[in-house]
Colleague: 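Please see the structure below; I have some questions.
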Amino acid sequence: MSCANVMKRDRTAVINPLVTCQPMGAMYAVAGIRRGLPLVHGSQGCSTFVRYSFSRHFREPSEIAVTSLHEDAAVFGGRKNLISGIGNLAVRFKPSVIGAISTCSSEIIGDDMEGFIKIAKEELKQKIGEEKAEKIKIVPISTPSFVETHFKGYDNGINALVNNLAQDPEDSNEKVNIIPGIVNPGDIREIKHIMGLMGIDGIILTDISDPFDSPLRPSTTETRPFYPKGGTTLEEIEDSSNSLGTIALCGYAGSGALSLEKKYEVPAAVGPIPIGVKNTDNFLRNLKKFTDTEIPDSVLDERGLLIDSMADLASRYLFGRKVAIFGDPAISAGIARFVCELGMIPSVVCTGVENPEFVSEMKKVAKESDEPVDVMIGSDLRALEVKLEEEPVEMMIGHSDGRLFAKHLDIPLVRVGYPVYDRAGYHRVPIVGYNGSVNLIDRITNTVFDKYYADEHWKLQQ
Amino acid sequence: MSCANVMKRDRTAVINPLVTCQPMGAMYAVAGIRRGLPLVHGSQGCSTFVRYSFSRHFREPSEIAVTSLHEDAAVFGGRKNLISGIGNLAVRFKPSVIGAISTCSSEIIGDDMEGFIKIAKEELKQKIGEEKAEKIKIVPISTPSFVETHFKGYDNGINALVNNLAQDPEDSNEKVNIIPGIVNPGDIREIKHIMGLMGIDGIILTDISDPFDSPLRPSTTETRPFYPKGGTTLEEIEDSSNSLGTIALCGYAGSGALSLEKKYEVPAAVGPIPIGVKNTDNFLRNLKKFTDTEIPDSVLDERGLLIDSMADLASRYLFGRKVAIFGDPAISAGIARFVCELGMIPSVVCTGVENPEFVSEMKKVAKESDEPVDVMIGSDLRALEVKLEEEPVEMMIGHSDGRLFAKHLDIPLVRVGYPVYDRAGYHRVPIVGYNGSVNLIDRITNTVFDKYYADEHWKLQQ
Amino acid sequence: MPYELFEVDKEIPERKNHTYVKDLADPTGEIPKCNTKTVPGCMTERGCAFAGVKGVITGAVKDVVHVVHSPVGCTTYGCGSKRYPTSPDLPNGDKIPVDQFNLKYIMGTDLKESDVVFGGMKKLRQSILEAAKEFPFVTAIYTYATCTTGLIGDDMDAVAKELSEEIGKDVIAFNAPGFSGPTQSKGHHVGNFTLFNKLVGTKEPPETTPYDINLIGEYNIDGDLWVLQKYFEEIGINILSTFTGDCSHDEICWMHRAKLSLVRCQRSATYIADLIEEKYNIPYIKVDFFGPKYCAENLMAVAKHFGLEENAQKLIDREMAKIQPKLDFYREKLEGKTLWVFSGGPKNWHLPEPLKEHLGMETVAVSTMFEHEDGYEKIKERVGEGTVIVDDPNSLELEEIIDVYKPDIILSGIKEKYIAHKLGVPCVLIHSYENGPYMGFEGFLNLAQDIYASIYNPVWNMLEFEETIEDEEETSKEEVKGKISETGTNVPKAKEEEVL
Amino acid sequence: MPYELFEVDKEIPERKNHTYVKDLADPTGEIPKCNTKTVPGCMTERGCAFAGVKGVITGAVKDVVHVVHSPVGCTTYGCGSKRYPTSPDLPNGDKIPVDQFNLKYIMGTDLKESDVVFGGMKKLRQSILEAAKEFPFVTAIYTYATCTTGLIGDDMDAVAKELSEEIGKDVIAFNAPGFSGPTQSKGHHVGNFTLFNKLVGTKEPPETTPYDINLIGEYNIDGDLWVLQKYFEEIGINILSTFTGDCSHDEICWMHRAKLSLVRCQRSATYIADLIEEKYNIPYIKVDFFGPKYCAENLMAVAKHFGLEENAQKLIDREMAKIQPKLDFYREKLEGKTLWVFSGGPKNWHLPEPLKEHLGMETVAVSTMFEHEDGYEKIKERVGEGTVIVDDPNSLELEEIIDVYKPDIILSGIKEKYIAHKLGVPCVLIHSYENGPYMGFEGFLNLAQDIYASIYNPVWNMLEFEETIEDEEETSKEEVKGKISETGTNVPKAKEEEVL
């Protein structure tokens with residue numbers, strides 16, 4: 001048993017941030033809706049940078065609209081931009097949901113988004129008739145860029161969707177809501193796979209798995225406008241108030257779950273993300289609690305395959321190796337716990353956020369570690385680099401933005417999470433659930449093989 | 001369109017073989033039976049080397065019995081050893097099937113395996129009663145080590161099982177038999193996944209997927225004797241004569257399929273292994289032909305994800321790169337065709353066998369290649385090394401036995417097939433089907449990234 | 001009727017003026033409306049002014065650290081994602097101690113709510129001081145306004161001026177908040193003027209030659225600059241300063257000492273050439289090195305200026321001979337294929353002619369994110385009859401252009417690439433390239449190779465599952481027969497027959 | 001009742017004599033029956049004689065090429081899968097041009113049906129010639145009989161002799177076909193005698209010293225030899241020849257020039273020490289370097305032979321001091337843990353005492369694949385009362401031993417490792433090690449570390465899904481409270497509180 005040394009960045013400036021600003025998270029949330037469109041109320045960079053970032057990570061199109069604020073809006077407000085933006089988008093794209101997402105500009109200008117949206121709705125009714133207009137939901141999402149990070153933006157996005165769209169409860173739908181957090185398509189599919197084996201229907205709030213990983217099949221591709229396959233339907237979000245419970249996989253993404261609990265008595269469970277054995281066990285217990293479903297052998301056999309891999313690989317190749325983990329707080333904490341389960345030491349866990357859920361998760365993890373854990377909060381990649389120059393580790397686990405740091409430090413980088421743009425297919429391979437944890441142990445072990453056994457290759461002969 | 005230059009090894013001696021002898025293939029075949037036990041009629045090395053080889057590849061136990069032939073048997077024959085071996089094994093292990101596998105020794109000594117087995121069966125009846133004895137099937141498998149290779153041994157094994165165990169046909173079972181060949185657990189699972197999406201039940205002849213990748217769950221593990229989970233049941237093999245058709249995935253493993261066709265009019269389709277788009281399309285057409293089942297959207301969407309990956313990755317990172325492929329003839333030919341589909345050039349394809357199916361498959365592949373393909377048959381790793389020293393390629397694709405050659409040549413090695421013992425989890429990740437092909441393109445592309453973009457990392461920023 | 005309204009634009013008829021179909025009979029003035037604000041709610045491909053200055057102009061400078069005065073997002077997005085490689089060499093012979101320093105680090109003031117309320121000047125000051133401390137080897141510090149700081153009105157110039165003195169290094173503020181101007185082009189403009197006003201003429205080069213040039217508007221995308229540099233060196237021309245590919249801060253300071261300026265990207269950097277000509281009487285010529293023909297012509301034009309035609313001719317002849325066989329191969333493969341160029345600006349007029357001239361490809365559509373009138377004039381000149389010219393196309397128009405003009409390939413950016421793929425059309429990245437460099441003689445081969453690999457990617461013939469095919473086995477056996485070499489290269493005939 | 005029949009063996013009662021439970025009251029002669037043939041149909045863990053000679057004895061020689069006279073299988077399986085690393089250095093100062101040559105290549109005659117019928121001599125001859133041509137830098141060529149060639153009766157010695165002269169290098173035939181003898185031990189025997197008869201005394205070393213030893217039966221598994229070599233060098237003892245770890249062919253030829261032989265693995269290599277003593281009057285001592293105590297005692301014994309006790313004592317004191325803190329740590333973790341050693345042979349008696357002495361571990365079961373009577377006597381001496389000693393246990397017995405003796409860990413081979421895991425018991429590879437070397441002072445720490453890591457692998461506490469657990473959140477919050485450091489090392493208290 002060991003302790004967590006919590007340390008904050010000791011600089012004013014951020015150098016190579018591990019986070020971005022709120023709007024990105026809200027765009028991510030809205031992108032998971034079937035025919036859902038994010039409309040960023042801000043400058044063009046606010047949509048373009050994010051589209052660019054999504055596209056290079058997923059290698060997929062990412063359709064995000066913007067109200068194109070300019071100097072005139074800075075002076076006179078963005079009312080005209082938002083109202084005409086909504087109108088144009090609604091009429092030309094016929095979406096199910098428009099998520100109107102604020103930015104630093106629109107928040108500073110002080111635009112009354114809710115008021116503007118009402119007007120836009122009225123105008124829309126005039127233009128296309130009440131019935132059609134009613135079908136297009138417009139949800140305001142407040143995501144001031146200068147408050148917290150994109151994780152909060154995601155949380156705000158999901159919360160706004162649930163608060164604006166969930167209907168008054170009717171009969172139970174016997175489903176469980178899942179709020180995935182900013183995870184990958186493969187992760188969401190793995191969660192659905194587990195629920196499928198348990199015979200539980202889920203409502204994913206929201207489901208980017210198909211929209212951000214969709215087949216190339218021109219014969220079935222929806223065009224004019226292009227919409228990717230899949231995503232959570234509006235009806236599902238409306239129905240989320242009738243579910244047996246809500247599980248938010250990531251500690252930072254619980255607001256929607258808590259809203260459903262408070263407003264509609266849908267019980268909530270928030271985090272930890274099911275990475276590794278104990279966290280996935282915990283996830284299953286939550287599913288069981290909400291649905292009163294026994295854990296089937298098929299799931300326990302998948303668990304047994306993970307256990308088998310850990311028995312075969314961990315003590316021999318991984319035990320005692322020091323790891324630095326960085327990036328997403330939920331994923332980092334989950335991986336930190338998993339590496340403890342592997343007998344490794346999460347010497348440094350570094351994230352750009354300061355939220356208390358993360359700190360408390362990391363304290364729990366530290367207790368399970370054999371050696372002290374340095375928990376860097378509100379931190380950045382440069383701080384991590386300086387730290388690792390002084391106290392090297394044998395492996396870094398995090399996203400692609402750490403690649404040049406890992407290269408400089410000559411520490412191998414196991415890529416996980418978002419963004420990973422310098423490798424192929426990572427968005428498709430889950431790291432959650434028992435199967436995802438097997439993938440993770442393989443990725444970690446193979447990195448050790450590649451880096452540390454190259455010269456003593458005979459040690460791998462058996 | 002290009003041509004295949006077929007070239008044989010120009011040495012008498014073999015240097016670092018790409019194959020092993022027949023018995024290993026038969027052991028592999030028998031290991032895929034639920035409570036099936038291989039009994040090698042030979043020296044202890046004949047079982048021990050193979051157990052060692054299986055264990056280091058799968059990181060799993062591998063239970064193979066041996067009759068322990070020694071000098072006395074060389075002089076007086078192995079009759080006593082085989083009969084008592086069968087007896088001990090049957091009584092102590094209560095197997096469903098014993099596959100009695102010959103070796104060079106027992107073949108040279110001239111043991112009458114079929115005759116001995118009859119006697120052993122009689123003795124067994126005496127010992128445990130007729131009813132119990134009848135439940136234990138004993139199948140003689142002739143696998144002289146000095147004829148062909150382990151691929152033939154696998155083919156002989158499956159053929160012997162089918163010929164000895166399949167019952168006279170009754171009503172159709174509406175199933176499709178699959179003979180996987182020497183592929184990995186992940187590959188068989190992917191085949192079952194595809195058939196599951198199509199709603200087709202399969203009989204896998206035989207199914208090593210669970211036996212060689214089984215959960216660590218002491219509470220459910222069968223002990224005294226230990227048997228791994230899963231495997232094809234005896235009843236399924238008996239029922240294989242009632243199936244709608246048999247697909248042998250690998251060109252070298254068609255004898256069992258042809259026997260079922262000849263004896264019981266179960267139509268057969270042999271190869272090519274479903275790696276890449278066209279070969280998997282072909283596999284689906286075979287399934288469709290046998291079952292009259294439409295290909296569902298779920299499968300076509302998985303196809304679309306493969307197509308999407310190919311569109312996104314191939315022309316930019318892979319096009320025109322030269323590859324050397326070695327190892328299993330079916331897998332090598334399948335991968336060769338796939339790399340052509342990726343716009344790469346399978347400059348050299350090298351295998352230890354000389355079977356005509358492989359040569360004819362490679363001629364077809366060569367036609368689809370932009371440049372000439374050197375097809376090395378009856379060859380070995382040393383010949384490949386010499387070839388690649390003269391005409392380098394950018395990537396090698398094959399199993400772990402090539403690792404030191406790849407290292408010497410400074411050519412990155414993409415590991416596939418059997419054996420892979422210097423990386424973790426490779427037995428679990430499929431390379432067949434559309435999903436397996438996605439894994440393969442990821443593995444290939446990430447190897448290119450790692451090797452060829454390290455110094456120009458900015459090219460991967462988007 | 002040179003202007004057309006896309007079907008998808010019937011609800012936003014103002015888009016009609018942005019869409020012009022080239023008609024040889026038209027007067028020159030007829031071009032798409034451009035450099036105006038995007039219709040709100042469009043999926044525009046445009047970025048913001050901050051992206052224009054940091055992403056395009058200053059991000060290529062190798063020895064400065066950038067402090068973005070913003071909430072965390074702009075800093076994150078501002079991190080070196082353009083493909084601007086740099087060498088570590090500085091004009092004074094030193095080396096930067098960090099590999100690709102310009103791509104690796106970014107700093108930001110990480111503004112929070114209280115800063116928005118009380119102002120961010122203190123944080124900016126502190127952050128710049130930290131920048132100087134963290135990276136003591138940098139030559140200068142550049143700092144950037146963003147939407148937030150533009151709106152709260154921080155006086156960045158004052159801070160920059162004060163700290164320049166305190167630190168003893170240039171601290172330069174760039175005032176191009178994201179909302180300024182209709183496109184990133186505004187950022188180019190601000191970048192040019194700021195660098196000129198603050199730097200040019202403030203330092204002297206270690207040495208000069210009679211053959212010194214400024215290479216302006218060349219950012220070394222994927223190594224483009226290094227291709228040109230090699231040519232100029234061979235011809236005998238010395239690049240005194242680049243603006244700004246692989247350049248050092250000091251090079252910009254002594255641009256006034258060149259004998260001639262060349263302007264490569266004429267959209268983003270003619271401004272500074274004009275300013276230098278005006279103030280220092282240094283003439284400039286506009287150059288184009290895309291495609292062998294333009295490359296040869298323009299090298300010759302520059303050489304002529306210095307009386308070095310003979311050297312240039314030698315180089316051109318050699319390089320042309322070197323690339324010709326491959327060029328012939330690609331031409332054979334690509335003749336008659338149609339394309340759509342959707343670039344930031346100038347590549348719309350750089351590319352159609354060489355692709356026609358050398359590869360026989362037909363440009364059926366061109367479009368830009370941020371071109372101005374002068375650029376569209378050039379574009380119009382260089383495309384053929386019937387080519388559609390679209391200013392700032394949005395996603396729906398993109399789909400319609402594909403449907404109507406059916407290009408065999410699209411040259412565009414990453415935001416467009418994957419939707420093109422989904423519609424079954426290959427796409428080559430033209431802002432940052434696939435496998436560049438694309439400039440110069442060998443660069444054009446790279447472009448041709450990428451276009452060839454994309455169009456001939458076998459995947460396009462396998463897009464859909466075919467329920468039935470002709471008996472593959474039979475067909476192939478027949479066809480193969482003639483193709484198989486009768487004897488393998490290394491195998492005696494007897495042996496081979498044994499196997500077949 | 002020192003002999004016990006396992007429950008799983010009731011159908012093969014002949015196994016009773018192979019299973020002995022140590023009883024201090026027993027006479028010494030009471031040991032398990034051993035070195036006899038395995039009951040057919042058992043899942044024995046034993047290998048064959050070919051594995052014994054090539055896999056154990058000759059595969060470690062660094063500068064010879066091996067030609068296996070067999071169908072393809074034995075050649076494939078014979079390829080360097082033992083962990084016998086080698087350095088490239090040869091006694092004459094040359095270097096082998098291939099990294100780990102002994103692990104990389106294997107050759108075989110690839111016998112086919114017609115060879116079985118007509119004999120394989122021609123192929124053998126041709127293959128050896130090809131070996132000489134393919135690897136011209138090797139010092140010698142070793143060739144091996146296998147079941148097939150043993151049965152068809154090829155006269156390999158004749159071929160070897162003929163080709164030795166033709167090639168001008170030693171060609172040595174090893175006649176240990178797989179079926180010969182009950183275990184791989186037969187192969188060790190053949191290897192010893194063949195190498196002695198054919199090589200020892202045939203060459204002279206470049207130089208000799210008064211401190212020359214043969215280190216016999218040390219194969220450099222995972223670098224074991226290199227650990228010992230360092231010790232001997234420091235003490236002032238010169239290893240003239242090793243048999244056969246990281247050794248060159250020539251070293252074996254001049255083993256007769258040593259002043260003393262040490263026998264490390266006394267199962268596989270005492271034969272040659274005896275032969276050398278007999279013929280050349282070179283005494284030998286049996287040595288044991290597993291565990292600090294044995295290592296110290298045996299280093300001292302060897303040093304004493306040469307009058308170098310002082311050097312040895314210095315080394316021992318230093319090394320013991322170096323490892324003590326870690327040893328204490330592991331002892332604290334491992335005291336009282338029980339183990340089962342299932343080795344090829346000697347590790348059954350090498351390991352129990354040091355594991356008891358230094359780590360406080362209890363050996364509850366030992367077993368070997370191929371030990372002989374002399375070995376079992378030593379084993380019996382060194383294990384405690386009640387320890388079960390099993391000769392050649394098979395898979396079912398393995399399960400029963402786990403059930404009955406409940407070891408906390410098993411030290412065995414890869415064939416046993418994964419079944420142990422399936423039954424929930426950790427297992428450390430002891431033939432080839434996990435993370436060796438295991439010999440000597442620091443090697444014992446490696447072994448302790450691997451045992452520790454295996455027993456304390458957190459996975460063993462998570463084997464089964466728990467339907468309910470105590471409220472994890474609550475518990476942990478409580479527990480954590482006291483553990484969290486009140487102030488992070490790098491952060492002022494105020495800052496941290498802000499976050500909590």
Side-chain angles (χ1 to χ4, degrees), chain A residues 1-10 276-278 280-282 284-285 288 294-295 299-300 303-304 306-312 314-320 340-343 354-356 358-360 363-364 366-368 370 372 374-378 387 455-462, chain D residues 80-85 99-100 103 222-223 413-414 417-418 420-422 424 426-429 431-436 449-450 452-469 472-473 476-477 479-481 483-485 487-492 495-496 498-500:
Chain A
M1 285 218 296
S2 179
C3 65
N5 303 315
V6 179
M7 47 188 81
K8 277 185 71 168
R9 190 173 88 216
D10 58 4
V277 181
K278 289 183 207 158
T280 305
D281 286 356
N282 187 65
L284 289 180
R285 279 191 292 271
K288 193 184 157 188
E294 284 306 305
I295 315 296
V299 173
L300 295 178
R303 186 185 187 281
L306 169 60
I307 295 293
D308 198 49
S309 287
M310 291 167 72
D312 295 349
S315 55
R316 178 163 173 195
Y317 305 115
L318 309 179
F319 200 87
C340 287
E341 291 174 347
L342 297 173
E354 302 186 6
N355 62 21
F358 171 72
V359 173
S360 107
K363 286 181 175 176
K364 203 160 102 187
K367 206 184 60 150
E368 293 166 0
D370 276 340
D374 289 333
V375 180
M376 302 170 72
I377 59 172
K387 172 99 186 154
D455 292 332
E456 292 182 312
H457 50 76
W458 65 84
K459 285 180 187 281
L460 297 181
Q461 290 189 153
Q462 66 170 49
Chain D
S81 43
K82 272 259 176 180
R83 293 206 211 159
Y84 285 169
D99 180 47
Q100 307 286 348
L103 298 180
D222 236 13
I414 195 169
K417 181 181 177 86
Y418 298 115
H421 286 183
K422 284 284 188 286
C427 177
V428 159
L429 294 178
H431 312 330
S432 274
Y433 308 166
E434 305 271 324
N435 298 286
Q449 157 77 12
D450 280 335
Y452 164 66
S454 296
I455 291 182
Y456 284 86
N457 185 338
V459 77
W460 306 119
N461 295 322
M462 298 184 281
L463 291 184
E464 304 286 348
F465 177 76
E466 292 176 48
E467 294 282 338
T468 53
I469 57 164
E472 206 178 36
E473 292 306 316
S476 60
K477 267 180 201 157
E479 281 176 28
V480 170
K481 224 167 184 177
K483 301 295 299 178
I484 298 293
S485 70
T487 47
T489 46
N490 289 11
V491 68
K495 267 195 179 167
E496 199 196 3
E498 195 183 312
V499 178
L500 297 185

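Remember, predicted model here, so these are calculated numbers, not experimental data. Below, chains carry the letters A, B, ... as their sequence lines are ordered, and counting in each starts from 1.
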Colleague: Given heavy-atom pairs under 4.5 angstrom as the criterion, report whether the side chain, backbone, both or neither of D:Leu429 touches chain A.
Modeller: side chain
Colleague: Centroid separation under 6.0 Å, is that true for the rings of A:Phe319 and D:Tyr452?
Modeller: yes
Colleague: Return the set of residues passing side-chain hydrogen bond (donor to acceptor under 3.5 Å, both in side chains) with A:Thr280 (not counting sequence neighbours), or none when no residue passes.
Modeller: none
Colleague: Might you point out which heavy atoms bring A:Cys340 and D:Pro458 nearest each other, and give the distance in Å?
Modeller: O-CG, 3.3 Å
Colleague: Name the region of D:Asn461, side chain, backbone, both or neither, that has any atom closer than 4.5 Å to a heavy atom of chain A.
Modeller: neither
Colleague: Where on A:Leu300 is there a heavy atom nearer than 4.5 Å to chain D: the side chain, the backbone, both, or neither?
Modeller: side chain
Colleague: Could you tell me whether the side chain of D:Arg83 and the main chain of D:His431 form a donor-acceptor pair under 3.5 Å?
Modeller: no
Colleague: Heavy-atom distance under 4.5 Å to chain A: side chain of D:Lys422, backbone, both or neither?
Modeller: side chain
Colleague: With respect to chain D, which residue among A:Val277, A:Leu284, A:Ile307 yields the maximal number of heavy-atom pairs within a distance under 4.5 Å?
Modeller: A:Ile307
Colleague: Looking only at heavy atoms, what is the nearest atom pair of D:Pro426 and D:Ile455, with distance?
Modeller: CG-CA, 4.2 Å
Colleague: Against chain D, label A:Glu456 side chain, backbone, both or neither, depending on which of its atoms sit under 4.5 Å from a heavy atom there.
Modeller: neither
Colleague: Measuring heavy-atom distances to chain A, does D:Gln449 have an atom under 4.5 Å in its side chain, in its backbone, in both, or in neither?
Modeller: side chain
Colleague: Which residues satisfy the salt bridge (charged side-chain N to carboxylate O under 4.0 Å, His left out) test with D:Glu434, sequence neighbours excluded?
Modeller: A:Arg316, D:Lys417
Colleague: Considering non-hydrogen atoms only, spot the tightest contact between D:Met462 and A:Met310 and give its length.
Modeller: CE-CE, 3.7 Å
Colleague: Under 4.5 Å from any heavy atom of chain D, what part of A:Lys288 do you find: side chain, backbone, both or neither?
Modeller: side chain
Colleague: Using non-hydrogen atoms only, which part of A:Asp308 is less than 4.5 Å away from chain D: side chain, backbone, both, or neither?
Modeller: side chain
